[in-house]
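Below: the structure, in structure tokens.
Bear in mind that the values here come from a model prediction, so they are computed numbers and not experimental data. Each ligand, and each atom within it, is numbered from 1 in the order the structure gives.
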Amino acid sequence: MGRPYVFITRKLPDDIVAPLYDKYDVNMWPHEHLAVPRDVLFKEANQAEALITMLSDRIDEELLKQSVKLRVIANVAVGYDNIDVETATKRGIIVCNTPDVLTETTADLTFALLLTTARRLIEAAEFIKEGKWKSWSPLLLAGTDVHHKTIGIVGMGKIGQAVAQRAKGFHMRVLYYNRSRNIEAERALDATYCSFDELLEQADFVVCLAPLTNETYQLFNSRAFMKMKSSAIFINVGRGAVVDEEALYEALIHERIAGAGLDVFAQEPIRSDHPLLQLPNVVALPHIGSATKETRYAMMQLCCRNVIAVLEGRKPYTAIQSQ
Ligand code: GLV
Ligand code: GLV
């Protein structure tokens with residue numbers, strides 16, 4: 001019997017994948033910054049017992065149906081909306097994600113994006129580089145305060161709770177909305193559970209960390225932006241499709257909200273000529289929530305450990321429970 005075949009959809013560092021090469025026949029898509037084409041992915045998935053996938057790979061029913069040897073998919077992300085988990089589970093394929101290892105790192109980025117948007121840091125940095133700084137003046141690049149304001153967190157999972165913890169350090173009032181109440185988080189973080197509408201009406205910073213599901217698809221639509229304060233800033237580090245981007249654009253140009261900080265987009269990569277990116281009060285980042293060397297290494301390592309566990313017939317560390 002040959003060794004199990006493992007396909008990795010992106011070039012990962014050699015030291016990370018070495019344990020896999022020791023045990024299995026491994027093939028890796030050779031590009032670090034280019035996604036694997038769909039026809040290649042289909043061919044490889046048809047042969048593989050294990051796949052390590054990126055959030056940019058669409059693992060749908062059509063692909064799963066022809067992946068006849070597949071036993072495990074390890075997604076290098078905490079989110080897994082790119083994978084049809086229900087179909088995978090039905091076919092006996094285990095799907096794993098990377099929770100916990102990225103929680104604090106993603107919370108850091110979320111808070112950094114909030115501060116950057118509120119204090120107009122990108123505009124300010126560009127202003128000085130463009131030689132526009134002529135004198136100190138009272139309202140030059142004046143932003144809005146973060147401390148002592150109200151933050152409304154939509155999606156109070158582990159990352160949401162880590163953001164709330166940071167907000168406490170800034171003396172913020174913490175509201176949250178989540179599919180289910182989290183009494184423990186309320187006690188530990190002095191966070192107040194409220195309805196989606198109450199959160200929108202009261203928060204100075206509306207922070208979206210919700211996963212993309214049928215229920216959250218375009219949750220932030222024109223109605224939601226209409227409910228927000230005109231001084232409010234919207235931050236999204238969840239998934240782009242949780243937002244109706246056209247409605248967000250309309251809300252920004254008609255000054256129904258004050259600004260937005262976005263790490264995720266409905267279409268990734270977003271085109272640089274996208275209307276949202278032309279607005280001075282939009283801070284846009286290329287989906288870097290968990291992007292520190294330490295955390296990305298930990299995520300990749302966890303994927304390898306999950307693959308080895310399943311192929312050796314052991315319980316994976318972080319399998320997704322199908323709903
Ligand atoms: C990133 O968006 C992730 O889900 O890990
Ligand atoms: C989601 O917020 C998680 O970290 O699991």
Side-chain angles (χ1 to χ4, degrees), residues 8-10 12-13 16 32-33 35-36 51-60 72-85 88 94-114 116 153-163 166 178-179 207-220 234-243 245 260-270 283-307 316-323:
I8 305 172
T9 68
R10 202 64 68 95
L12 304 185
I16 291 286
E32 195 181 332
H33 300 295
V36 63
L51 288 178
I52 294 182
T53 55
M54 309 303 125
L55 56 85
S56 45
D57 301 319
R58 192 157 44 85
I59 310 296
D60 55 13
V72 55
I73 302 165
N75 204 39
V76 188
V78 68
Y80 45 84
D81 50 279
N82 58 310
I83 301 175
D84 181 348
V85 177
I94 295 170
V95 181
C96 301
N97 66 341
T98 62
D100 306 326
V101 291
L102 49 53
T103 299
E104 299 290 331
T105 299
T106 307
D108 280 352
L109 186 281
T110 305
F111 218 80
L113 182 54
L114 187 156
T116 299
I153 300 172
V154 176
M156 197 63 148
K158 288 174 187 156
I159 299 168
Q161 292 171 57
V163 169
R166 283 151 180 77
N178 198 55
R179 197 173 43 171
V207 177
C208 171
L209 289 161
L212 175 60
T213 63
N214 291 336
E215 289 77 48
T216 65
Y217 176 75
Q218 297 202 345
L219 176 66
F220 289 93
F234 176 66
I235 303 293
N236 190 8
V237 186
R239 282 293 181 268
V242 176
V243 178
E245 288 178 342
L262 309 170
D263 186 45
V264 288
F265 302 91
Q267 275 286 332
E268 295 183 2
I270 188 171
V283 176
L285 303 175
H287 203 147
I288 57 167
S290 62
T292 64
K293 291 194 182 106
E294 298 96 320
T295 291
R296 285 288 164 84
Y297 268 77
M299 291 163 68
M300 295 184 283
Q301 224 147 28
L302 180 54
C303 287
C304 294
R305 293 174 67 211
N306 276 321
V307 163
Y317 300 89
T318 53
I320 293 159
Q321 305 302 322
S322 158
Q323 302 289 312

Residue pair Phe111 / Val207, side-chain heavy-atom distance below 4.5 Å = no
Step by step, work out the side chain to side chain contact (heavy atoms under 4.5 Å, CB included) result for Arg239 and Leu55.
-> CA-CA 11 Å; Arg239 282 293 181 268; Leu55 56 85; 4.0 Å; yes
Worked verdict on Ile52 versus Cys304 for side chain to side chain contact (heavy atoms under 4.5 Å, CB included) | CA-CA 8 Å; Ile52 294 182; Cys304 294; 4.1 Å; yes
Which N or O atoms of ligand 1 sit under 3.5 Å from a protein N or O, and how far apart is each pair?
from     : atom 1 : to     : atom 2 : distance (Å)
ligand 1 : 2 (O)  : Arg239 : NH1    : 2.7
ligand 1 : 2 (O)  : Arg239 : NH2    : 3.4
ligand 1 : 2 (O)  : His287 : NE2    : 2.6
ligand 1 : 4 (O)  : Val78  : N      : 3.3
ligand 1 : 4 (O)  : Gly79  : N      : 2.8
ligand 1 : 4 (O)  : Arg239 : NH2    : 2.7
ligand 1 : 5 (O)  : Val78  : N      : 2.8

Any salt bridge between Glu104 and Arg166, counting N to O under 4.0 Å?
-> yes
How many angstroms lie between atom CD1 of Ile153 and atom CG of Leu209, to the nearest 0.5 angstrom?
-> 7.0 Å
Side chains of Asn82 and Ser56, donor plus acceptor under 3.5 Å = no
